[in-house]
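What follows is a set of notes on a single structure, which appears directly below.
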Amino acid sequence: MSPTESPHTLVLGAGGFLGRWLVLELLGRGEAVAAAVRDPANGPALRDWLREHGADPTLLTTVTADLTRPGLDLSPSDDARLTEVRDVHNLAARYRFGLTRAQAEPANLHGALHALRWSATRPRLRRLVHLSGYRVGRDPHPRYPLDPGTAAALYARLGAYEASKHLGDAAVRVTAPRLGVPLTTVNPSSVIGHSVTGEAGQYLGLAQLVRQLHRGRLPLLPGTRRTFLPVVTVDHLARFLAAVPAHDRAPVAAHTVLDPATPFLPDLITLLATHLGVRPPRALVPVGLVRRLPRTLTGADPETLTFLSEDHYDTSSADHLSTTAGLTHPPVIPALHHWSTRLVHDAFGDH
């Protein structure tokens, strides 16, 4: 079915975990949406998922786009269909630990700039919303590009995924003002499933830790009593992202989105162990020690260890926008229960 009006919002990465929930939220608000998918075969699957979740896809347009190529590799006809787009959400990224730099940069760095430059060509553009991460973008004066030695050191320290996200965030924040593109970067914490259904669809990050816990492979927990690995439910994040363009007015804005009620990591893992009926870790082990031990012994991916810290994060701008938009986090403990139950039901995506 053809949409009844031209799309006003483009969602890049619409077929992914976060993208489809944002498209669902936007359609529920009555907005005309263009969903960008890399493989045309993913368009019907997305529409089926949206229908299953109660959406009317009448206002949905699907286009084929490749974030790794200039102009998003849109066909002339698809580009013309997006002339009226005023809001662009770039949720597309290559999210996996163990990537090489060559694998991570095309989407996470170059793709971020391609999305920005394409957005600058829209005559009615209101805002580009770029998804980063909560440990990304904390430098108030980002530098881009970096000299080769500094960039190589960043990749060595953080791993390809996080380093490429750091550089992508810096690149858009430096370049957007030069192009006159209103920009908001949204930095979410670990995203868990839907607060009511627990529906996941993503099995990396904290989900891997829960997987080890459930399967009895987490005898020791990296970190300290005050290690803080905050979460946010995917439905709250989708509502927040949908609200950003109507509320942000600054040329460049940034929001860190997380639920401050998230328990410290040892308490969170004990809570989930009790809920799942499994044994919690016997003790804590310092992250520095885990780094020095063989991975075959610890089972810990070195890239995930950079997320284990006692840091806390400034959420004041996100809190202000949430209050203005009438958004509140759903209760975090029931959400964690629903999510972990769903992870087990889904066999942690192993199928």
Side-chain angles (χ1 to χ4, degrees), residues 1-16 18-40 42-43 46-47 50 55-93 107 110-132 168 171-173 175-186 238-253 325:
M1 181 180 295
S2 300
T4 57
E5 60 180 278
S6 297
H8 295 154
T9 301
L10 171 66
V11 178
L12 297 166
L18 300 179
R20 62 187 184 226
W21 286 102
L22 175 59
V23 172
L24 180 67
E25 175 67 24
L26 292 168
L27 292 176
R29 295 174 177 224
E31 297 192 28
V33 180
V37 294
R38 186 166 183 173
D39 184 345
N42 292 339
L46 175 62
R47 287 179 178 273
L50 292 166
D56 178 2
T58 303
L59 292 175
L60 180 67
T61 298
T62 56
V63 296
T64 303
D66 184 349
L67 193 77
T68 68
R69 298 176 66 84
L72 308 180
D73 205 30
L74 290 164
S75 68
S77 60
D78 278 346
D79 192 80
R81 293 163 74 192
L82 303 178
T83 301
E84 300 295 315
V85 162
R86 59 179 185 174
D87 301 325
V88 179
H89 289 267
N90 181 17
L91 277 58
H110 307 311
L113 286 170
H114 292 155
L116 170 63
R117 290 173 179 137
W118 182 86
S119 299
T121 68
R122 298 304 95 181
R124 302 182 185 277
L125 184 72
R126 178 169 62 169
R127 188 153 294 265
L128 166 64
V129 183
H130 174 82
L131 195 79
S132 287
V172 296
R173 290 168 64 199
T175 309
R178 299 173 183 171
L179 298 180
V181 172
L183 171 72
T184 294
T185 56
V186 175
R239 289 192 293 270
F240 185 92
L241 289 167
V244 163
H247 289 87
D248 275 350
R249 294 289 182 268
V252 177

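- Side-chain atoms of Pro76 and Asp79, non-hydrogen and from C-beta on, never get closer than 4.5 Å to each other.
- Under the 4.5 Å side-chain criterion, counting only non-hydrogen atoms from C-beta, Ser6 is not in contact with Thr83.
- You'll find the side chain of Leu125 reaches within 4.5 Å of the side chain of Pro182, heavy atoms only.
- Only one option out of Asp73, Leu12, Leu113 pairs with Leu67 in a side chain to side chain contact (heavy atoms under 4.5 Å, CB included); it is Leu12.
- Listed for the Arg122 side chain is a donor-acceptor partner under 3.5 Å among the backbone atoms of Leu82.
- Within the 4.5 Å cutoff, side-chain heavy atoms of His89 are placed close to those of Leu22.
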* **Chi angles and distances behind the side chain to side chain contact (heavy atoms under 4.5 Å, CB included) call for Thr62, Arg47** => CA-CA 9 Å; Thr62 56; Arg47 287 179 178 273; 4.1 Å; yes
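- Considering all non-hydrogen atoms of both residues, Leu60 and Ala35 come closest at CD1-CB, 3.8 Å.
- Of the possible donor and acceptor atoms, one in the side chain of Thr121 sits under 3.5 Å from a partner among the backbone N and O of Trp118.
- Once rounded to the nearest 0.5 Å, the distance linking CZ of Arg249 with OG1 of Thr184 reads 10.5 Å.
- For the atom pair CG (Leu26) and OG1 (Thr9), the distance works out to 5.5 Å, reported to the nearest 0.5 Å.
- Judged purely by distance below 3.5 Å, without hydrogens or angles, the side chains of Arg173 and Thr185 never pair a donor atom with an acceptor atom.
- In plain terms, the two heavy atoms of Ala65 and Leu74 that are nearest each other are CB-CD2, 3.9 Å.
- The side chain to side chain contact (heavy atoms under 4.5 Å, CB included) with Leu10 is formed by just one residue from the set Val85, Asp87, Leu128; it is Val85.
- Residues Leu116 and Leu179 have side chains in contact (heavy-atom distance under 4.5 Å, counting atoms from C-beta outward).
- The two atoms that bring Thr61 and Arg81 nearest to each other are CG2-NH2, 2.9 Å, heavy atoms only.
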* Please report the C-alpha distance between Val11 and Val33 in whole Å, then the side-chain angles of each, then the deciding distance to 0.1 Å, and finally whether the side chain to side chain contact (heavy atoms under 4.5 Å, CB included) criterion is met. => CA-CA 7 Å; Val11 178; Val33 180; 4.1 Å; yes
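- The pair Arg38-Asp66 meets the salt-bridge criterion, with a side-chain N (NZ, NE, NH1 or NH2) lying under 4.0 Å from an Asp/Glu carboxylate O.
- A heavy-atom distance below 4.5 Å is found between the side chains of Thr64 and Pro40.
- Between the CG atom in Leu91 and the CG atom in Leu241 there is a gap of 5.5 Å [rounded to 0.5 Å].
- In plain terms, the two heavy atoms of Ser132 and His130 that are nearest each other are OG-CD2, 3.3 Å.
- A donor-acceptor pair under 3.5 Å links the side-chain atoms of Arg127 to the main chain of Leu183, judged by distance alone.
- Remark: Arg124 CZ to Arg86 CZ distance equals 10.5 Å, nearest 0.5 Å.
- Closest approach of Leu24 and Ala55 over heavy atoms only: CD1-CB, 3.5 Å.
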* To do: For Val186 and Val244, run side chain to side chain contact (heavy atoms under 4.5 Å, CB included): C-alpha distance rounded to whole Å, both residues' side-chain angles, the deciding distance at 0.1 Å, then the answer.
  => CA-CA 9 Å; Val186 175; Val244 163; 4.3 Å; yes
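- The neighbour count for Arg69 CZ, taken as heavy atoms of other residues, nucleotides or ligands under 6.0 Å away, does not exceed 12.
- Minimum interatomic distance between Asn90 and Ala112 (heavy atoms only, all atoms of both residues): ND2-CA, 3.9 Å.
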